[in-house]
Structures are given as structure tokens and as C-alpha cells.
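These notes are about the structure you will find just below.
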Amino acid sequence: MSTSFGVVLLGTGSSLPTRSLRNSDFPASLDTSDEWIRSRTGIQERRIATPSETSGSLALTAAHRALEAAQLHPADVDMIICATVTPDMMVPSNACFIQRGLGCRPIPAFDVNAACTGFLYALTIAAQFIRTGSCRRILVIGTETLSRIVDFSDRTTCVLFGDGAGAVVIGASDGQGRGQHWFRLYSDGSRGDYIRYNGVRLRAPASTSADPRASDQFDFLRMNGREVFKFAVRTIIELIGEILAECNLTPADINLVIPHQVNQRIIDAAFADLSFPTDKLMVNLDRYGNTSAASIPIALDEAMRTGRATAGDRVLLIAFGGGLTWAGGVWTI
Ligand SMILES: CC(C)(COP(=O)(O)OP(=O)(O)OC[C@H]1O[C@@H](n2cnc3c(N)ncnc32)[C@H](O)[C@@H]1OP(=O)(O)O)[C@@H](O)C(=O)NCCC(=O)NCCS
């Protein structure tokens with residue numbers, strides 16, 4: 001077991017748009033149904049940002065809540081890392097927007113893009129700075145407004161995603177036993193076409209339209225659902241097998257698993273194969289859909305605030321997404 005102590009979770013927070021979109025709210029023209037969406041994905045509703053809500057503003061609220069939970073002030077933060085594929089703008093980054101909004105002193109602040117795996121990438125990067133002693137406290141955020149990049153006339157994608165933000169503060173600790181024990185990050189760019197979002201094509205001719213969706217510069221998120229489904233199930237099974245073997249653990253040693261909130265069928269298929277008790281799974285995708293980089297920190301915050309995860313619990317985090325990317329980690333909180 002590759003053991004590292006000294007990086008602990010100090011507080012969590014989240015922020016979700018107030019506007020809810022239930023399955024039955026999709027227009028008849030989409031040719032879908034509540035029954036189809038529930039049975040194929042487990043999703044019942046998702047949150048959709050209002051025009052005044054952005055991935056930056058949701059992140060800022062989540063960050064405030066995480067600092068409050070950690071009983072820390074913005075002045076205590078040594079670094080901000082924000083995972084997102086839907087930043088408010090390319091420059092400045094969401095992390096810089098958050099640094100300004102919190103009123104932090106000048107500190108490193110940057111965004112990370114590893115799609116739905118982004119939060120675990122950001123958390124792992126942050127943990128390295130803590131471990132080396134370069135930083136004492138780091139704010140790590142996952143935030144998305146996927147509703148702004150999905151095609152609401154494409155029933156194969158738009159029913160799956162939602163908006164929201166989650167944040168954690170991690171810090172250095174001298175205590176033994178708590179903290180991050182194991183992590184692994186992966187990518188395979190050769191399968192990048194499975195999930196793709198071009199965004200603004202920087203080399204395309206300038207458009208005169210005020211609405212980027214009306215111009216040839218904007219595309220929507222596209223996905224090969226069947227291939228992603230197979231990749232996701234296989235990845236959960238293989239990565240959890242790897243984690244348990246390398247850490248010399250069994251499912252009985254894990255108190256809670258927080259998987260990327262992707263699709264109930266994917267989670268069920270993978271964990272049935274792993275013989276994992278389902279009561280150890282934290283799932284809230286029925287209410288929020290897939291919020292990409294925000295999904296794990298939102299679920300972690302919910303687990304902490306509802307008492308599903310308490311101090312001393314060993315929690316397994318696992319994510320996968322566009323890139324393709326995937327990652328896992330074990331923390332004792
Ligand atoms: C997208 C997904 C739900 C589709 O479910 P599926 O059981 O694989 O369905 P299929 O792709 O085989 O499509 C079956 C039929 O349902 C239709 N369908 C797709 N979405 C539909 C919807 N929202 N409502 C009604 N019918 C739908 C398809 O058009 C297809 O119709 P056809 O047979 O007439 O062509 C599933 O593949 C999935 O969840 N993949 C993973 C995607 C994901 O989570 N990506 C993010 C990863 S981070």
C-alpha cells in the first residue's frame with residue numbers, strides 16, 4: 001500500500017441552481033419520456049442554471065460554504081484549483097474569478113480540464129502541494145453549467161446532464177491515520193472521440209452574430225453513449241480491483257464509495273460484478289443528473305452534511321469521463 005499521511009479534508013460545500021428540470025418537463029418534441037429516462041439512467045430531475053447563475057458564481061458559493069465548514073477564512077487559502085469544462089470564460093480562469101470573489105491574497109489559482117474526472121485530478125494535484133509543504137490549505141472545486149453546452153434537441157445527451165458546484169478545503173495535518181492514502185490518474189487520448197465538445201473553435205473565421213450558438217463557431221457536446229457505457233462499467237471494475245489489491249483492502253474495509261454520478265445502470269452493473277454492498281454507495285444522480293467535474297464534490301458534501309460519511313471513515317472516490325480520463329483515490333476523512 002503506497003501510504004501518505006498529512007493531507008486531510010477540512011471542509012466541504014456545494015451549490016446547486018434552484019431551477020429544477022424534471023423528466024416530464026422535456027418538451028414532447030424531444031420524443032422521450034420519464035419512464036425511458038428513469039429506467040435507462042436512474043435520473044429523475046436535474047438542476048439547470050438560471051441566466052444569472054454561472055459555473056463561476058456557483059463555484060464561489062460552494063467555496064464560501066467549504067471554508068465555513070472548515071472554519072477558515074479566505075486569507076487562509078494558499079491555492080485554488082478549479083476543475084471545469086464550462087468555465088465562464090477562457091481567460092481569466094474560473095479559479096481567478098473565485099480568488100477575486102473570495103478576496104484572497106495573491107496566490108496560485110488555475111483551472112484543470114479532465115472532463116468528469118477533473119475534480120479527482122485537481123484534488124490529487126492539490127494534495128501534492130500539501131504533501132511537499134508548499135501549501136498549508138488548498139481550495140479544490142468542481143463546477144459545471146453543462147446545460148450551456150448540451151443540445152436540448154438531442155435526446156441522447158440532454159437528459160443526462162445537470163449543473164452545480166462542489167468544493168473542498170484540504171490541508172496539512174500532523175495526525176496519523178487520516179488523509180489521502182492512495183490515488184491513481186489515467187488517460188487514453190486515442191478514445192477522445194467518445195465524448196467531445198469543440199467549444200469555440202479558435203481558428204474559425206470571426207462571426208458577427210451576438211449568439212455563439214447561432215454561429216459556426218459553436219458546437220454542442222457529442223457522445224457515443226454505448227461505447228462510454230461499456231468504458232465506464234469496465235473502468236469502475238478494473239480500478240476498484242486495482243485499489244483494493246494495491247491497498248490490501250476488501251469491500252468490508254471501505255465505509256463509503258462515491259462514484260462519479262453518471263448513470264444508475266452503469267453503477268449497478270459495475271458494483272454487482274464487484275460484490276459491493278449497495279448500501280455503501282453514495283448516489284444522488286436521481287436528483288442532479290451527471291454534473292461532470294462537480295458530481296463527486298457535490299456527493300461528498302451531501303455525504304458529510306447528512307452523516308453518511310463521518311470522521312474516521314474510509315472513503316473510495318472513483319471517476320471517469322472525456323479524454324478519455326479516469327481516476328481513483330482512497331481517503332480517510
Ligand atoms: C445514453 C444512454 C442512456 C443510452 O441508453 P442505451 O440503453 O445505451 O440506448 P441506445 O443508445 O442503445 O439507444 C436505444 C434507443 O433509445 C433511443 N434513445 C436514446 N435516448 C433516448 C431518450 N432520451 N428517450 C427516448 N429514447 C432514447 C435511441 O435513439 C435508440 O433508438 P433506436 O433504437 O430507434 O435507434 C446510455 O448509453 C448511457 O448512459 N451511456 C453513457 C453516457 C454517459 O453517461 N456519458 C457521460 C460519461 S462521463
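Whatever order the structure lists ligands and atoms in, that order sets their numbers, starting from 1. Hydrogens, waters and symmetry mates are skipped; everything else that's a heavy atom, side chains included, is used.
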In terms of residue, atom name and distance, what is the protein heavy atom nearest to [atom]?
atom: atom 13 (O) of ligand 1; answer: Arg226 NH2, 3.9 Å
atom: atom 48 (S) of ligand 1; answer: Cys116 SG, 3.3 Å
atom: atom 4 (C) of ligand 1; answer: Trp36 CH2, 3.9 Å
atom: atom 47 (C) of ligand 1; answer: Val228 CG1, 3.5 Å

Does a side chain donor of either [X] or [Y] reach within less than 3.5 Å of an acceptor in the other side chain?
X: Asn198; Y: Arg196; result: yes
X: Arg46; Y: Asn23; result: yes
X: Ser55; Y: Asp88; result: yes
X: Thr86; Y: Glu144; result: yes

Does any N/O atom on [X] come nearer than 3.5 Å to any N/O atom on ligand 1?
X: Asn290; answer: no
X: Thr32; answer: yes
X: Arg40; answer: yes
X: Asn263; answer: yes
X: Gly225; answer: yes

Hydrophobic cluster membership, Val85 vs Ile298, 4.5 Å side-chain cutoff: no
[atom] protein-contacted, heavy-atom criterion under 4.0 angstrom:
atom: atom 35 (O) of ligand 1; result: no
atom: atom 43 (C) of ligand 1; result: yes
atom: atom 10 (P) of ligand 1; result: yes
atom: atom 24 (N) of ligand 1; result: yes
atom: atom 2 (C) of ligand 1; result: no

Expected output: side-chain Arg137 to main-chain Val77 donor-acceptor under 3.5 Å: no
Aromatic plane relationship, Phe320 with His260 - under 30° parallel, 30 to 60° tilted, over 60° perpendicular: perpendicular
Asp31 near ligand 1 by a heavy-atom separation under 4.0 Å: yes
Nearest neighbour of atom 17 (C) of ligand 1 from the list Arg265, Met223, Gln264, Arg155, on a heavy-atom basis: Arg155
Residue His260 vicinity, atoms of ligand 1 by number, heavy atom under 4.0 Å: 48 (S)
Between the side chains of [Y] and [X], is the shortest nitrogen-to-carboxylate-oxygen separation below 4.0 Å, so that they form an ion pair?
X: Arg287; Y: Glu302; result: yes
X: Asp151; Y: Arg222; result: yes
X: Asp268; Y: Arg265; result: no

